[in-house]
Amino acid sequence: MPAFTEAFIESRDFKTELSASAASAFVAEGFDASVGRVNASDRPDLADFQCNGALAVAKAAKANPREVAAKIASHFDGDTRLDKLEIAGPGFLNFTLSHGALSDRANALASDPRIGAPKVAQRRKVMIDFGGPNVAKEMHIGHLRTAVIGESLKRTLRFLGDEVIGDAHFGDWGLQMGQLIVGLSEEQPDLPYFDAGFTGPYPAESPVTLADLGRIYPKSSARIKAKDADFLAAARKATKELQDGRPGYRALWQHFVVVSREALKRDYAALGVEFDLWYGESDADPYVEPMIADLKAKGLLVEDNGAQVVHVARPGETRKKKLDDGSVVEVPSPPPLLAVSSEGSAMYGTTDVATIVQRQKEFGPDLSLYIVDQRQAEHFEQVFRTAYLAGYAQEGQLEHAANGTVNGPDGTPFKTRDGGTLKLGDLISQAVEKANARLHEAGLGEGLSEDAFADTAHKVAVAALKFAELSNHRLTNYIFDLDRFMSFEGKTGPYLLYQAVRMKSILRKAGEQGLAAGLIAVAEPAERELVLLLDGFDNALKETYLKRAPNILADHVYRLAQGFSKFYAACPVLVGEDAALKASRLGLVSLTLRQLELGLDLMGLSAPDQM
RNA sequence: GCACCCAUAGCUCAGCUGGAUAGAGCGUUGCCCUCCGAAGGCAAAGGUCAGAGGUUCGAAUCCUCUUGGGUGCGCCA
């Protein structure tokens, strides 16, 4: 399997083509091909693209960079793609494309079903792990991030040609389950699930609602935090018994899972986030025992203070640690993976390694991406190293695509005004309400049916939330401000939808007038700029793919929408007498709309026909 | 204590495989609807890229240190 590098993506944009030409020119002059890299110009007032290779190479060659640049430039003599190639400043090569080349590109994009999107050279299997919303806990704002970023990456990788499997990876195992069991047994001790002598069958109806779980869980967590030793011991015991298959606990747990999953599905559906698998940590459970045996057989499992651990630090990888008595000792870094607790329970990390074994067996992914909070970086380092040591995956096949935390206006983790966490479901409702209000305020969507209006409001709300999320780099700890996201002005999701709607409106009117899109002939500056943006889609997707960074895609889509808006203001499409001009501009509108809608789709957004 | 991440315009954020005048949105100021949807467009003001050294012809970008934040550190997930 080829490495996850630039060469892995097949591109056909100007940047790639000019880079290839420049690279062979540098090679012909005796330099390294890598310095031939051509990028979009930093000075759009001077040129479309630039190459800085002559500067990079001049020193070692003891040559004047401008002279090197001149030699490279001579290789482009007669290149019909270029209107001009200038040597500027200390030795920049400034490429300006001809109108003809831009027109050709625009027409090529218009006839390309992929609208300029690149493809992977070789299809791979990629597993995307959405890092476990938990049983009993309604999703909150932090889950929005993983869901939205993961969904966008899933769509992007898939569109570029990989086989992608998204797994919700539900948090349905471990101590929290024991907490719930014990918590419920205190509230309703007479339920048959707690009677070890009960022979069944157990009631089909769940004894708890999600609201019940939402009450019991925080209460029991608080007790554990407060070091309630009896409660903790009981929860651990219940966890162990659940994992060992005690029938009443299993039956009860099944209800917890079903009840919780319904709520999760509702929220995810509202966001347009879909999973191929709804696996949970519990699904890896059958793999735990054989895996533990295997680790033992491989000599990786070591007894430590009554627990079983796997040492993952390499020789020399240590950190200093201060003990309670004040002395400082060297300990391995990263710390060992705690595989089996002294109670005999499988731990979080154990389950995660077992999940890798399970996935290897069921799917054999070439790459697994974990879209999970960066605070778990060390945990994943332990898990990945264990998997590599045991041979469950090849080095580099496991990757933590970490994301930052979502903070409130005060810079601390997001809370509501009364200090609670904001439920994701409530957040979505608030967003939809605001969208409704804003549409009415602006007098938009008045001609729509009630259903169409509701659909539009939902699309606008989701666009606002998701685009705000996606336009930040995934690692940024950003400040969540619903009012700002919902302002619908400037760099927002609704702006993108609005531009799409304007395009659709033009095309609709053109249809009514019997006008059709035709051959695109670029002439005006705004048209040039727009075609250059369209051409940049390839690179934006490539970078998004390689860096697992949807903010690059988000930025491209925004700039495209902006480019269109400028074009819209500068170049009338439907007015005037020149039929060829109208056909050309209609072609450009149609092409731009298609790429915009594709970009929106890859972000998990969709534009209404009207708003 | 140790480790990792971060510090860019009044605010929220891009940019960071080193290159020419550091960008966007919001906010502020001014202009543009007898013309395809003004949730729009154009323009202006606003930055010692936390600070100090270093590498380099060239540093927001790479290295070191300092300061100020965030996060994590075996029987929770």
Side-chain angles (χ1 to χ4, degrees), chain A residues 6 34 37 41-43 45-46 50 52 55-56 58-59 65 88-92 94 132 134 171 173-176 179 221 224-225 232 235-236 281 304-309 318-323 326 328 330-331 333-343 345 347-349 351-352 373-379 381-382 402 404-405 407 409 411-412 438-439 441-442 444 460 468 471-473 475-479 481 484 487-492 494-495 497-499 501-502 504-506 509-510 551-552 554-555 558-559 562 565-566 568-570 572-575 585 589 610-611:
Chain A
E6 198 166 339
S34 66
R37 177 189 294 272
S41 179
D42 289 339
R43 296 284 307 270
D45 53 320
L46 299 181
Q50 70 183 75
N52 304 338
L55 292 166
K59 178 120 189 272
F92 300 106
N94 279 345
N134 287 328
W173 214 228
L175 184 70
Q176 50 188 344
Q179 288 176 41
S221 292
I224 286 177
K225 250 190 192 153
L232 179 60
R236 280 209 190 118
E281 292 168 353
D304 189 345
N305 274 325
Q308 306 283 320
V309 304
T318 61
R319 69 174 67 156
K320 286 180 185 138
K321 184 176 172 131
K322 199 173 177 184
L323 299 179
V328 175
E330 294 253 318
V331 296
S333 173
L337 178 96
L338 182 60
V340 185
S341 76
S342 44
E343 292 281 318
S345 300
M347 306 300 292
Y348 176 39
T351 312
D352 275 357
D373 198 305
Q374 63 175 338
R375 286 176 286 191
Q376 300 201 38
E378 186 165 81
H379 164 73
E381 187 63 28
Q382 294 172 307
T405 54
N407 295 333
T412 65
R438 190 70 181 84
L439 283 167
E441 223 173 87
L444 292 168
V460 167
S471 54
N472 291 321
H473 184 87
L475 272 170
T476 300
N477 300 326
Y478 78 100
I479 294 184
D481 180 346
R484 188 162 60 79
S487 75
F488 302 160
E489 275 157 29
K491 192 174 181 178
T492 64
Y495 171 90
L497 304 194
Y498 180 68
Q499 300 312 329
V501 165
R502 292 212 295 187
K504 290 183 183 188
S505 178
I506 289 183
K509 287 201 166 72
N551 67 301
I552 296 170
D555 188 57
Y558 174 68
R559 293 201 302 134
Q562 220 177 17
S565 204
K566 276 184 193 180
Y568 183 88
V573 177
L574 298 177
V575 299
R585 288 184 177 167
V589 172
Q610 296 177 53
M611 62 189 274

Touch class at under 4.0 angstrom, heavy-atom based, for [X] against every strand present:
{"X": "A:A58", "answer": "nothing"}
{"X": "A:H473", "answer": "sugar-phosphate"}
{"X": "A:D481", "answer": "nothing"}
{"X": "A:D555", "answer": "nothing"}
{"X": "A:A307", "answer": "base"}
{"X": "A:V331", "answer": "nothing"}
{"X": "A:Q610", "answer": "base"}
{"X": "A:A377", "answer": "nothing"}
{"X": "A:R559", "answer": "nothing"}
{"X": "A:L175", "answer": "sugar-phosphate"}
{"X": "A:G171", "answer": "nothing"}

Next item on the list: Look at the side chain of A:S342 against the base of B:C75 and say whether a donor-acceptor pair falls under 3.5 Å; ignore hydrogens and angles.
Entry: yes
Note to self: Tell me if the side-chain of A:N94 makes a donor-acceptor pair with the base of B:A20, cut-off 3.5 Å, by modelled atom types.
What the structure shows: yes
Check: If only atom types and distance count, is the side chain of A:S341 paired as donor or acceptor with the main-chain N or O of A:E343 below 3.5 Å?
Finding: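 Judged by distance alone, yes, a pair lies under 3.5 Å.
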Between [N] and [X], is there an OP1 or OP2 to side-chain N/O distance shorter than 4.0 Å?
{"X": "A:R236", "N": "B:C76", "value": "yes"}
{"X": "A:R375", "N": "B:C5", "value": "no"}
{"X": "A:Y495", "N": "B:G41", "value": "yes"}
{"X": "A:Q562", "N": "B:G25", "value": "yes"}
{"X": "A:N551", "N": "B:G15", "value": "yes"}
{"X": "A:K225", "N": "B:C76", "value": "no"}

Rounded to the nearest angstrom, tell me the gap between atom [atom1] in [X] and atom [atom2] in [N].
{"X": "A:L475", "N": "B:C6", "atom1": "CG", "atom2": "P", "result": "7 Å"}
{"X": "A:Q382", "N": "B:C4", "atom1": "CD", "atom2": "C1'", "result": "14 Å"}
{"X": "A:L338", "N": "B:A77", "atom1": "CG", "atom2": "P", "result": "9 Å"}
{"X": "A:R37", "N": "B:G19", "atom1": "CZ", "atom2": "P", "result": "11 Å"}
{"X": "A:D373", "N": "B:C4", "atom1": "CG", "atom2": "C1'", "result": "13 Å"}
{"X": "A:Q50", "N": "B:G19", "atom1": "CD", "atom2": "C1'", "result": "8 Å"}
{"X": "A:Y498", "N": "B:G41", "atom1": "OH", "atom2": "P", "result": "9 Å"}

Next item on the list: Report the residues that fulfil side-chain hydrogen bond (donor to acceptor under 3.5 Å, both in side chains) with A:E378, sequence neighbours left out, ordered by chain and then residue number.
Entry: A:R319
Next item on the list: Report yes if the ring of A:F92 lies under 5.5 Å from the six-membered base ring of B:A20 with planes under 30°, and no otherwise.
Entry: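 Stacking between A:F92 and B:A20: present.
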Next item on the list: Go through the steps to decide whether A:Y568 and A:I506 satisfy the test side chain to side chain contact (heavy atoms under 4.5 Å, CB included), and finish with yes or no.
Entry: CA-CA 10 Å; A:Y568 183 88; A:I506 289 183; 3.5 Å; yes
Check: On RNA chain B, nearest-nucleotide positions of A:P335 versus A:A569: which is more 5'?
Finding: A:A569
Notebook entry, point to check: When you check the side-chain N and O atoms of A:Q374 and A:N477, is any donor under 3.5 Å from an acceptor?
Noted result: yes
Next item on the list: For side chain to side chain contact (heavy atoms under 4.5 Å, CB included), just list the numbers for A:V589 and A:R502, CA-CA rounded to whole Å, side-chain angles, deciding distance to a tenth of an Å, and then say yes or no.
Entry: CA-CA 10 Å; A:V589 172; A:R502 292 212 295 187; over 6 Å; no
